[in-house]
Amino acid sequence: MTELILSLDVLDKTEACAIAKSCAPYIDAIKVGYPLVLATGLSIVRDLADLGLPLIADFKVADIPNTNRLICEAVFSAGFDAVIAHGFVGPDAARTCVEVAHSHGGAAYIVAEMSHPGATEFFHGGVAERIAELAVAVRADGIIAPATRPERIVRLREIIGKKTIYSPGVGAQGGDPDAVARLVDGIIVGRSIYAAEDPAAEAERLSRIRR
Ligand code: O7M
């Protein structure tokens, strides 16, 4: 069953909690990133934790090993269940995120290739493949791969095997959930759900097209 992960990129705490609560029956996890945390503070993690869903920290951690360690320790101390980190920083820095995650019983996912048009500038030409190899080498739990390019998901799957692939870019960015859902372990969906007139209805609709 492909998971449905709500990307909760709204800026108001009350709105965030209301959307998360209404969608909770149809989603498998909530991804929280800079927009929501910078707007509302880290206490939003405790508010959302009441729903009982895994909380994924999308801070795309991308620093030297020591700073990555400090960031990831703060992430798990705040109550997150997983962290997303960049892989282009190299194996030592990425491995630190994985080690901290695992020491807390959590998970770490490495961004292998991004979904926006400009991502092809640097991620193509073999870089995404090398980052996927790195994700395997550092024992990450999985990778992030673009729903906007299903053929790239197929290619990256060849490298990472059964590791998890979470895929953003469905809906607002043009990715087709039907085409992507069968290729990945989870689709990450933001605006199509939280900006819908009825977020819960949209989450329910998306939960039904999952393989
Ligand atoms: O569905 P959207 O386009 O409103 O939101 C997509 C979310 O996924 C949003 O939070 C993005 O920051 C994130 N995302 C991408 O859209 N593309 C990527 O390549 C990577 C991510 C992401 O989640 O990285 C972990």
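Counting convention: from 1, in listed order, for ligands and their atoms alike. When a residue number appears, it is its place in the shown sequence, counting from 1.
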So does [Y] get a backbone contact from the side chain of [X], meaning a donor-acceptor N/O pair under 3.5 Å?
X: Ser22; Y: Ile19; value: yes
X: Arg69; Y: Glu73; value: no
X: Asp58; Y: Val32; value: no
X: Thr67; Y: Asp63; value: no

Hey, are Arg155 and Glu151 close enough for a salt bridge, meaning a charged N less than 4.0 Å from a carboxylate O?
no

Backbone or side chain, does any N or O of [X] fall under 3.5 Å from an N or O of ligand 1?
X: Gly190; answer: yes
X: Tyr194; answer: no
X: Gln173; answer: yes

Looking only at heavy atoms, is any part of [X] under 4.0 Å from ligand 1, and if so is it the side chain, the backbone, or both, or is it neither?
X: Arg191; answer: both
X: Ser115; answer: both
X: His116; answer: neither

Ligand-side contact atoms (ligand 1) for residue partner Ile84, heavy atom cut-off under 4.0 Å:
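Listed by number with element: 25 (C).
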
Taking 4.0 angstrom as the limit and counting only heavy atoms of Lys60, give me the atoms of ligand 1 inside it, by number and element.
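So the atoms of ligand 1 that pass are 12 (O), 20 (C), 21 (C), 22 (C), 24 (O), 25 (C).
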
Minimum non-hydrogen distance to atom 21 (C) of ligand 1, winning option of Ser7, Gly175, Gly174, Pro168:
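Heavy atom nearest to atom 21 (C) of ligand 1 belongs to Pro168.
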
Looking at non-hydrogen atoms alone, which of Val32, Asp9, Leu8 comes nearest to atom 10 (O) of ligand 1?
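The residue whose heavy atom sits nearest atom 10 (O) of ligand 1 is Asp9.
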
Could you go through the side chain to side chain contact (heavy atoms under 4.5 Å, CB included) check for Ile188 and Val170 one step at a time?
CA-CA 7 Å; Ile188 296 173; Val170 161; over 6 Å; no

On the 0 to 90° scale, with breaks at 30° and 60°, tag the Tyr34-Phe59 ring pair as parallel, tilted or perpendicular.
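Answer is tilted, since the angle falls between 30° and 60°.
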
Distance-only side-chain donor-acceptor flag, His102 / Asp141, under 3.5 Å:
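Asp141 and His102 do have a side-chain donor-acceptor pair below 3.5 Å.
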
So for Lys31, does at least one of its heavy atoms come nearer than 4.0 angstrom to any atom of ligand 1?
yes

